[in-house]
Amino acid sequence: MTKTKVATTADVSTDKVLKASANGKSVIVAKVGDKYCAIANKCPHLGLPLAKGKFENGVITCPFHGSKFEVCTGKNVEWVESIVGIPLPGVAKKMMAMGKSPSDVASFAVTQEGEDLFIDV
Ligand code: FES
């Protein structure tokens, strides 16, 4: 693992996520309360990017099919709920999940040194 600077504290606010790169991996950096957090910018459903999803109360919603993830833990809290924001009925959710079971997204501990934020990737 390599410690990599991903942002400064001034880059990250509590109302939106920041897309960043660390060792060639795309990540999302967020601030929840006073805590800085980072997860992979890759939805475990179909591998699509999460960064443009709605961010609210420490949770990001995948912009493609509505799966939700806690940005401080990577924990999946909802799985395949919609298509580009349009809610799906139960049977369609199963079809859209394409046989994939709910999964967490990779999370990374964020360390702060002065104004700089680092993760180990
Ligand atoms: S790609 Fe994210 S929920 Fe489908």
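All values below were derived from every heavy atom in this structure, side-chain atoms included, with hydrogens, water molecules and symmetry-related copies excluded. Counting starts at 1 for both ligands and their atoms, in listed order. From a predicted model like this one, the values you see are computed outputs, not experimental measurements. Just so you know, residue 1 is the first one in the sequence shown, and it goes up from there.
Closest to atom 1 (S) of ligand 1, if we only count protein heavy atoms, is His65 ND1, 3.5 Å.
Close contacts of ligand 1 with Leu46, meaning ligand atoms under 4.0 Å from a residue heavy atom, involve 1 (S). Each of the atoms 1 (S), 2 (Fe), 3 (S) of ligand 1 lies under 4.0 Å from some heavy atom of Cys43. Within ligand 1, the atoms closer than 4.0 Å to a non-hydrogen atom of Ser67 are 3 (S), numbered from 1 in the order shown.
As for His45, its N/O/S atom nearest atom 4 (Fe) of ligand 1 is the one called ND1.
Using modelled atom types, no side-chain atom of Asn76 and backbone atom of Phe69 make a donor-acceptor pair closer than 3.5 Å. Here the side chain of Asp120 pairs no donor or acceptor atom with the backbone of Met1 at under 3.5 angstrom.
A disulfide bridge connects Cys72 to Cys37: their SG atoms sit within less than 2.5 Å of one another.
Distances from atom 2 (Fe) of ligand 1 show that Cys62 has an N/O/S atom below 2.8 Å.
Between Tyr36 atom OH and Thr8 atom OG1 the span is 8.5 Å, to the nearest 0.5 Å.
Note on Val59: it does not cluster hydrophobically with Val105, by side-chain heavy-atom contacts below 4.5 Å among ILVMFWY residues.
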